[in-house]
Undergrad: 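One structure is given below, represented as C-alpha coordinates, and several questions about it will come after.
All values derive from a computational prediction rather than experimental measurement.
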Amino acid sequence: MNSDANPIWTLVWTFALMSLFAVGGANSAVPEMHRVAVDVHHWMTDRQFADIFAISQLSPGPNVLIVTLIGYSVAGVAGALTATVAMCGPTTVLAYYVSRLLARSSHSPWPAIIQAALVPLSIGLMGASGLILALTSDRSWVAGLITVAAAVLAFATRLNPLWMLVAGGALGFAGVI
(Lines give C-alpha, C1' and ligand atoms only; values in the text may rest on other atoms or scores of the structure.)
Protein backbone atom coordinates (compact mmCIF):
# COMPACT_ATOMS: atom_id res chain seq x y z
CA MET A 1 0.00 0.00 0.00
CA ASN A 2 2.87 2.37 0.67
CA SER A 3 5.80 2.70 -1.66
CA ASP A 4 7.83 4.98 0.62
CA ALA A 5 11.01 3.60 2.16
CA ASN A 6 10.25 5.03 5.61
CA PRO A 7 6.56 5.88 6.02
CA ILE A 8 7.07 7.44 9.47
CA TRP A 9 9.39 10.16 8.13
CA THR A 10 7.08 10.68 5.18
CA LEU A 11 4.17 11.18 7.59
CA VAL A 12 6.21 13.64 9.69
CA TRP A 13 7.28 15.70 6.68
CA THR A 14 3.86 15.59 5.00
CA PHE A 15 1.74 16.56 7.98
CA ALA A 16 4.19 19.02 9.56
CA LEU A 17 4.27 20.99 6.32
CA MET A 18 0.53 20.63 5.77
CA SER A 19 -0.20 21.90 9.29
CA LEU A 20 1.29 25.27 8.43
CA PHE A 21 -1.20 25.70 5.58
CA ALA A 22 -4.30 24.31 7.31
CA VAL A 23 -5.99 27.65 7.90
CA GLY A 24 -9.14 27.06 9.94
CA GLY A 25 -8.23 23.59 11.20
CA ALA A 26 -7.59 20.14 9.82
CA ASN A 27 -10.79 20.07 7.76
CA SER A 28 -9.52 22.92 5.61
CA ALA A 29 -6.64 20.68 4.53
CA VAL A 30 -8.83 17.77 3.41
CA PRO A 31 -8.25 18.38 -0.33
CA GLU A 32 -4.48 18.33 0.20
CA MET A 33 -4.72 15.29 2.49
CA HIS A 34 -6.68 13.50 -0.22
CA ARG A 35 -4.18 14.47 -2.89
CA VAL A 36 -1.22 13.30 -0.80
CA ALA A 37 -2.78 10.12 0.61
CA VAL A 38 -4.50 8.94 -2.58
CA ASP A 39 -2.74 10.44 -5.58
CA VAL A 40 0.85 11.05 -4.45
CA HIS A 41 1.72 8.26 -1.98
CA HIS A 42 -1.09 5.80 -2.86
CA TRP A 43 -1.61 5.03 0.83
CA MET A 44 -5.32 4.43 0.20
CA THR A 45 -8.06 4.54 -2.41
CA ASP A 46 -10.67 7.25 -2.89
CA ARG A 47 -13.23 5.05 -1.15
CA GLN A 48 -10.95 4.37 1.82
CA PHE A 49 -10.27 8.09 2.17
CA ALA A 50 -13.98 8.88 2.11
CA ASP A 51 -14.59 6.19 4.74
CA ILE A 52 -11.81 7.53 6.96
CA PHE A 53 -13.23 11.03 6.64
CA ALA A 54 -16.72 9.81 7.57
CA ILE A 55 -15.38 7.95 10.62
CA SER A 56 -13.38 10.98 11.74
CA GLN A 57 -16.42 13.24 11.50
CA LEU A 58 -18.80 10.81 13.18
CA SER A 59 -16.43 10.09 16.06
CA PRO A 60 -16.34 12.40 19.05
CA GLY A 61 -13.23 14.50 19.28
CA PRO A 62 -11.38 17.09 17.27
CA ASN A 63 -11.39 17.36 13.47
CA VAL A 64 -7.72 16.37 13.41
CA LEU A 65 -8.83 12.77 13.95
CA ILE A 66 -8.69 12.29 10.16
CA VAL A 67 -4.92 12.76 10.33
CA THR A 68 -4.68 10.14 13.07
CA LEU A 69 -6.66 7.66 10.97
CA ILE A 70 -4.54 8.30 7.88
CA GLY A 71 -1.38 7.78 9.94
CA TYR A 72 -2.83 4.58 11.39
CA SER A 73 -3.65 3.18 7.97
CA VAL A 74 -0.11 3.93 6.79
CA ALA A 75 1.97 2.72 9.75
CA GLY A 76 -0.26 1.48 12.56
CA VAL A 77 -0.19 3.03 16.03
CA ALA A 78 3.23 4.63 15.46
CA GLY A 79 1.90 6.24 12.28
CA ALA A 80 -1.21 7.51 14.07
CA LEU A 81 0.84 9.15 16.81
CA THR A 82 3.41 10.52 14.39
CA ALA A 83 0.88 12.02 12.00
CA THR A 84 -1.12 13.61 14.81
CA VAL A 85 1.90 15.19 16.49
CA ALA A 86 3.25 16.35 13.13
CA MET A 87 -0.09 17.99 12.28
CA CYS A 88 -0.52 19.66 15.69
CA GLY A 89 3.04 20.51 16.72
CA PRO A 90 4.14 23.15 14.21
CA THR A 91 0.84 25.04 14.35
CA THR A 92 0.87 25.02 18.13
CA VAL A 93 4.29 26.64 18.19
CA LEU A 94 3.33 29.09 15.44
CA ALA A 95 0.06 30.01 17.19
CA TYR A 96 1.93 30.69 20.42
CA TYR A 97 4.35 33.11 18.79
CA VAL A 98 1.71 34.78 16.62
CA SER A 99 -0.53 35.36 19.65
CA ARG A 100 2.39 36.97 21.49
CA LEU A 101 3.07 39.18 18.48
CA LEU A 102 -0.60 40.18 18.18
CA ALA A 103 -0.77 40.97 21.89
CA ARG A 104 2.14 43.38 21.50
CA SER A 105 0.61 45.12 18.49
CA SER A 106 -2.98 45.34 19.72
CA HIS A 107 -3.23 49.02 18.78
CA SER A 108 -2.15 48.46 15.18
CA PRO A 109 -4.77 47.90 12.43
CA TRP A 110 -2.89 45.14 10.59
CA PRO A 111 -3.81 42.18 12.89
CA ALA A 112 -7.52 42.81 12.25
CA ILE A 113 -6.86 43.10 8.51
CA ILE A 114 -5.01 39.77 8.46
CA GLN A 115 -7.72 38.05 10.48
CA ALA A 116 -10.44 39.42 8.17
CA ALA A 117 -8.51 38.19 5.12
CA LEU A 118 -8.29 34.66 6.53
CA VAL A 119 -12.09 34.26 6.75
CA PRO A 120 -12.77 33.91 2.99
CA LEU A 121 -9.67 31.73 2.66
CA SER A 122 -11.01 29.36 5.32
CA ILE A 123 -14.45 29.27 3.68
CA GLY A 124 -12.91 28.48 0.29
CA LEU A 125 -10.79 25.69 1.73
CA MET A 126 -13.81 24.14 3.46
CA GLY A 127 -15.79 24.37 0.21
CA ALA A 128 -12.95 22.60 -1.62
CA SER A 129 -13.00 19.92 1.09
CA GLY A 130 -16.68 19.30 0.48
CA LEU A 131 -16.15 19.11 -3.28
CA ILE A 132 -13.28 16.62 -2.97
CA LEU A 133 -15.32 14.40 -0.67
CA ALA A 134 -18.35 14.53 -2.95
CA LEU A 135 -16.23 13.63 -5.98
CA THR A 136 -14.54 10.71 -4.19
CA SER A 137 -17.65 9.19 -2.65
CA ASP A 138 -20.48 9.87 -5.11
CA ARG A 139 -20.17 7.02 -7.60
CA SER A 140 -23.74 7.09 -8.94
CA TRP A 141 -26.39 9.64 -9.81
CA VAL A 142 -28.40 8.53 -6.76
CA ALA A 143 -25.45 9.22 -4.47
CA GLY A 144 -24.90 12.60 -6.13
CA LEU A 145 -28.58 13.46 -5.72
CA ILE A 146 -28.46 12.49 -2.03
CA THR A 147 -25.36 14.66 -1.54
CA VAL A 148 -27.07 17.67 -3.14
CA ALA A 149 -30.23 17.07 -1.06
CA ALA A 150 -28.17 16.85 2.14
CA ALA A 151 -26.35 20.08 1.27
CA VAL A 152 -29.63 21.90 0.60
CA LEU A 153 -31.12 20.50 3.82
CA ALA A 154 -28.08 21.57 5.82
CA PHE A 155 -28.22 25.05 4.33
CA ALA A 156 -31.99 25.57 4.60
CA THR A 157 -32.70 24.04 8.01
CA ARG A 158 -31.22 23.77 11.47
CA LEU A 159 -31.29 19.96 11.32
CA ASN A 160 -28.40 18.36 13.16
CA PRO A 161 -25.95 16.94 10.55
CA LEU A 162 -25.75 13.74 12.60
CA TRP A 163 -29.25 12.86 11.41
CA MET A 164 -28.13 13.25 7.80
CA LEU A 165 -25.17 10.96 8.50
CA VAL A 166 -27.51 8.40 10.06
CA ALA A 167 -29.84 8.62 7.04
CA GLY A 168 -26.91 8.25 4.64
CA GLY A 169 -25.62 5.26 6.59
CA ALA A 170 -29.05 3.64 6.51
CA LEU A 171 -29.32 4.21 2.75
CA GLY A 172 -25.86 2.72 2.28
CA PHE A 173 -26.69 -0.27 4.47
CA ALA A 174 -29.93 -0.80 2.50
CA GLY A 175 -27.91 -0.82 -0.74
CA VAL A 176 -29.44 2.34 -2.18
CA ILE A 177 -26.05 4.03 -2.46
Undergrad: Roughly how far, to the nearest 0.5 Å, is the CD1 atom of I8 from the CG atom of L81?
TA: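 One gets 9.0 Å once the value is rounded to the nearest 0.5 Å.
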Undergrad: Remaining members of L131's ILVMFWY cluster at a side-chain heavy-atom cut-off under 4.5 Å?
TA: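 L135, all in the cluster of L131.
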Undergrad: Is a donor on one side and an acceptor on the other found under 3.5 Å between the side chain of S19 and the backbone of A16?
TA: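 It does hold such a pair.
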Undergrad: Per the side-chain hydrogen bond (donor to acceptor under 3.5 Å, both in side chains) rule, what does the pair list look like for residues 168-177, sequence neighbours excluded?
TA: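 Those involving residues 168-177 do not exist here.
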Undergrad: I'd like to check the side-chain contact (heavy atoms from CB on, under 4.5 Å) partners of L145; sequence neighbours left out, ordered by chain and number.
TA: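 By the side-chain contact (heavy atoms from CB on, under 4.5 Å) rule, L145 matches W141.
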Undergrad: Any side-chain hydrogen bond (donor to acceptor under 3.5 Å, both in side chains) pairs touching residues 83-96, not counting sequence neighbours?
TA: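 Every pair satisfying side-chain hydrogen bond (donor to acceptor under 3.5 Å, both in side chains) with a residue in residues 83-96: T68-T84, Y96-R100.
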Undergrad: Not counting sequence neighbours, which residues clear side-chain contact (heavy atoms from CB on, under 4.5 Å) with W9? List them please.
TA: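 Result, side-chain contact (heavy atoms from CB on, under 4.5 Å) vs W9: N6, V12.
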Undergrad: Hey, any chance V93 and F21 share a hydrophobic cluster, counting ILVMFWY side chains that come within less than 4.5 Å of each other, even indirectly?
TA: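 Unlinked, V93 and F21 end up in two clusters.
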Undergrad: Are I66 and V64 connected, step by step, through hydrophobic side chains (Ile, Leu, Val, Met, Phe, Trp, Tyr) whose heavy atoms are closer than 4.5 Å?
TA: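 In one cluster with I66: V64, yes.
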Undergrad: Find the distance between OG (S140) and CD1 (I146) and round it off to the nearest 0.5 Å.
TA: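 One gets 7.5 Å once the value is rounded to the nearest 0.5 Å.
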Undergrad: Taking M44 as the fixed residue, which of I52, D51, L69 is the one that meets the side-chain contact (heavy atoms from CB on, under 4.5 Å) rule?
TA: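 Of the listed residues I52, D51, L69, the side-chain contact (heavy atoms from CB on, under 4.5 Å) partner of M44 is I52.
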Undergrad: Is there a side-chain contact between V85 and F15, using heavy atoms and a 4.5 Å cut-off?
TA: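 No, their side chains stay 4.5 Å or more apart.
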Undergrad: Mind checking what makes side-chain contact (heavy atoms from CB on, under 4.5 Å) contact with V176, not counting sequence neighbours?
TA: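 Result, side-chain contact (heavy atoms from CB on, under 4.5 Å) vs V176: V142, L171, A174.
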Undergrad: Under the side-chain hydrogen bond (donor to acceptor under 3.5 Å, both in side chains) test, which residues partner R35, sequence neighbours left out?
TA: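 R35 satisfies side-chain hydrogen bond (donor to acceptor under 3.5 Å, both in side chains) with E32 once adjacent residues are dropped.
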Undergrad: Is it true that M33 and I132 fall in one hydrophobic cluster, defined by side-chain heavy atoms closer than 4.5 Å?
TA: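 Each belongs to a different hydrophobic cluster.
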Undergrad: For residues 44-78, which residue pairs pass the ring pair (Phe, Tyr, Trp, His ring centres under 6.0 Å) check, not counting sequence neighbours?
TA: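 Non-adjacent pairs meeting ring pair (Phe, Tyr, Trp, His ring centres under 6.0 Å): H34-F49.
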Undergrad: Under a 4.5 Å side-chain heavy-atom rule over Ile, Leu, Val, Met, Phe, Trp and Tyr, are V30 and I123 clustered together?
TA: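 No, it is not one cluster - the side chains of V30 and I123 are not joined through contacts under 4.5 Å.
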Undergrad: Please name all residues satisfying side-chain contact (heavy atoms from CB on, under 4.5 Å) with L94, sequence neighbours left out, ordered by chain then number.
TA: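 Only L20, V98 meet the side-chain contact (heavy atoms from CB on, under 4.5 Å) criterion with L94.
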Undergrad: Check the pair H41 / T14 against side chain to side chain contact (heavy atoms under 4.5 Å, CB included), numbers first and verdict last.
TA: CA-CA 10 Å; H41 294 294; T14 298; 3.9 Å; yes
Undergrad: Could you list the cluster mates of I113? Members are the ILVMFWY residues connected by side-chain heavy atoms closer than 4.5 Å, either directly or through other members.
TA: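 Answer for I113: none, a lone residue.
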Undergrad: Can I get a per-line list of side-chain donor-acceptor pairs under 3.5 Å for residues 155-168, giving both atom names and the distance, sequence neighbours left out?
TA:
from	atom 1	to	atom 2	distance (Å)
T157	OG1	L153	O	2.6
T157	OG1	L159	N	3.3
N160	OD1	L162	N	2.9

Undergrad: Compare every heavy atom of A117 with every heavy atom of P120, then report the nearest pair and how far apart it is.
TA: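 Here P120 and A117 meet closest at CD-O, 3.3 Å.
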Undergrad: Determine, using the 4.5 Å side-chain heavy-atom cutoff (strictly less than), whether L65 and V74 are members of one ILVMFWY cluster.
TA: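 Linked within one cluster.
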